[in-house]
Amino acid sequence: MPGFEFFGDQERAQVDDVLQSGVLMRYGFDGRRNNHWKAMELEKALEQRMQVKHAQLVSSGTAALTVALASAGIGAGDEVIMPTFTFVASFESIIALGAVPILVDVDDTLTLCPKAVEAAINERTKVVMPVHMCGSMADLKVLLEICKKHNLLLLEDACQAIGGSFEGKPLGSYGDLGCFSFDYVKTITCGEGGAIISNNDQYKINADHYSDHGHDHVGKDRGAETHPFLGYNFRISELNAAVGLAQINRLDEFINIQKVNYTILRNALEEIPEVSFRRVPNGGVESYAFMSFFLPDEATAKKVHQALGNGGVDACFYWFDNNWHYYRKWEHLTNLKSLGKLPAELKNQLPDYTKSDFSQSDHWISKTISCLIKLGWSEAEVQQRAQKMAEIIKSTI
Ligand SMILES: *Cc1c(COP(=O)(O)O)cnc(C)c1O
């Protein structure tokens, strides 16, 4: 997945453009900036690549989720359905707005289980937020039907699956809103950055204003602009956007490399009868950022994960015990450990997650191992890795 592997002449040239003028801010300073608008250009490039009307760049993927929710009017007491397997940013963004994260089970896609989503809907539910973890997607067709039936928004977190698609549409563009992260370990990077995409004119206006203190961005004098509503600062800098502008042009090149490397590893593991693979919903094409597979049970998965590490096969993750990506270690959420007082709606409505039954999630995640697909491997290195993985797995199970 990591775009950080490739920082080259194209990235340097884009950053140099910005350094020449010294205008590091995305807004204003028209006379001094030599007509360089890196953030705006990256938004245009994203709109084109993702086949949507609007893109809004922000300072991170977490900011993208927060601004996306805010742009759709989500606030105190609104409930947002999210998966048990994701990054902590999912509930951080929801809580930042005073809204309530409602965790539900994942299935063999390693993403939101549509049945569990439907069971969690009540009159306070406003958003369903699937997270396309590790390069593959939720069953967006079924989730969209559920959202239409209950009048809910579908917000795709595509931070780990940029470049994948569903029914021919780029991931992130299928729902009402989609979010990307360009942090340093994502498929393409800005250093730090994120984006929201949508086809909704009002969400774009809201996201544009909200991410810059509510500035209406009318006219050429920032100080004279009005502020139609409260906002915050989630701006990206021109330096970060410049790196992303070089990287977006390489997205398809990166996805192709990931696919080649993934396929070599997968072919080697397909031959092991005890190994099976996550389900990709009909109509989905992965971004191949990771290869995720199931072992027969938790004990075997733990043993295999340990053996892979000992055998020098790096960058393989066992999410079941992970501090950041699985609900079992989110005791700061469960116990609402915050620095200051939290909104009453959140305290009153947050389910008691110590009493929740997420055994369906545990069933799948406890036997899952995900291996990061790197871009910089030579073909010989991938072949060697594939052989080694297969040998280690066979001798461990
Ligand atoms: C990385 C990531 C985020 C947050 O992105 P940042 O840019 O690091 O804030 C959100 N969701 C998922 C699934 C991620 O992997």
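As the structure lists them, so they are numbered: ligands from 1, and atoms in each ligand from 1.
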Could you give the distance from NE2 (His132) to CZ (Phe180), rounded to the nearest 0.5 Å?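 Here the interatomic distance stands at 8.5 Å.
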
Return yes if some donor-acceptor pair links the side-chain N/O of Tyr318 with the main-chain N/O of Ser366 below 3.5 Å, else return no.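 Yes: the side chain of Tyr318 pairs with the backbone of Ser366.
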
With distance as the sole test, does Ser173 use its side chain to make a donor-acceptor pair with the main-chain N or O of Pro170 at under 3.5 Å?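 Pair found, side chain donor or acceptor close to backbone of Pro170.
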
When the ring planes of Phe358 and Tyr327 are compared, do they come out parallel, tilted or perpendicular, using 30° and 60° as the limits?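 Plane angle over 60°, so perpendicular.
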
Nearest heavy atom to atom 14 (C) of ligand 1: which of Met133, Glu92, Lys186 does it belong to?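 Looking at heavy atoms only, Lys186 sits closest to atom 14 (C) of ligand 1.
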
Which segment of Ala89 sits under 4.0 Å of ligand 1 when only heavy atoms are counted: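 For Ala89, only side-chain atoms sit under 4.0 Å from ligand 1.
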
Using a 4.0 Å heavy-atom threshold (strictly under), name the region of Val131 that reaches ligand 1: side chain, backbone, both or neither.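 The side chain, only.
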
Hey, which atoms in ligand 1 end up nearer than 4.0 Å to a heavy atom of Asp183?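 Taking each heavy atom of Asp183 in turn, ligand 1 has 1 (C), 6 (P), 7 (O), 8 (O) under 4.0 Å.
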
Going by the order shown, which atoms of ligand 1 are within less than 4.0 Å of some heavy atom of Ser60?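 Counting atoms of ligand 1 from 1, those under 4.0 Å from Ser60 are 7 (O), 9 (O).
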
What heavy-atom pair brings Leu97 and Thr66 nearest, and what distance separates the two atoms?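 It is CD1-O, 3.5 Å.
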
Min N/O separation Asp157 to ligand 1 under 3.5 Å: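 Such a contact does occur with ligand 1.
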
Is there any N or O on Gly61 that sits under 3.5 Å from an N or O of ligand 1?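 N/O-N/O distance under 3.5 Å: yes.
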
Does the structure place the NZ or CZ of Arg328 under 6.0 Å from the centre of the six-membered ring of Phe320, at an angle of no more than 45° from the ring's axis?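 Judged by the rule, Arg328 and Phe320 form a cation-pi pair.
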
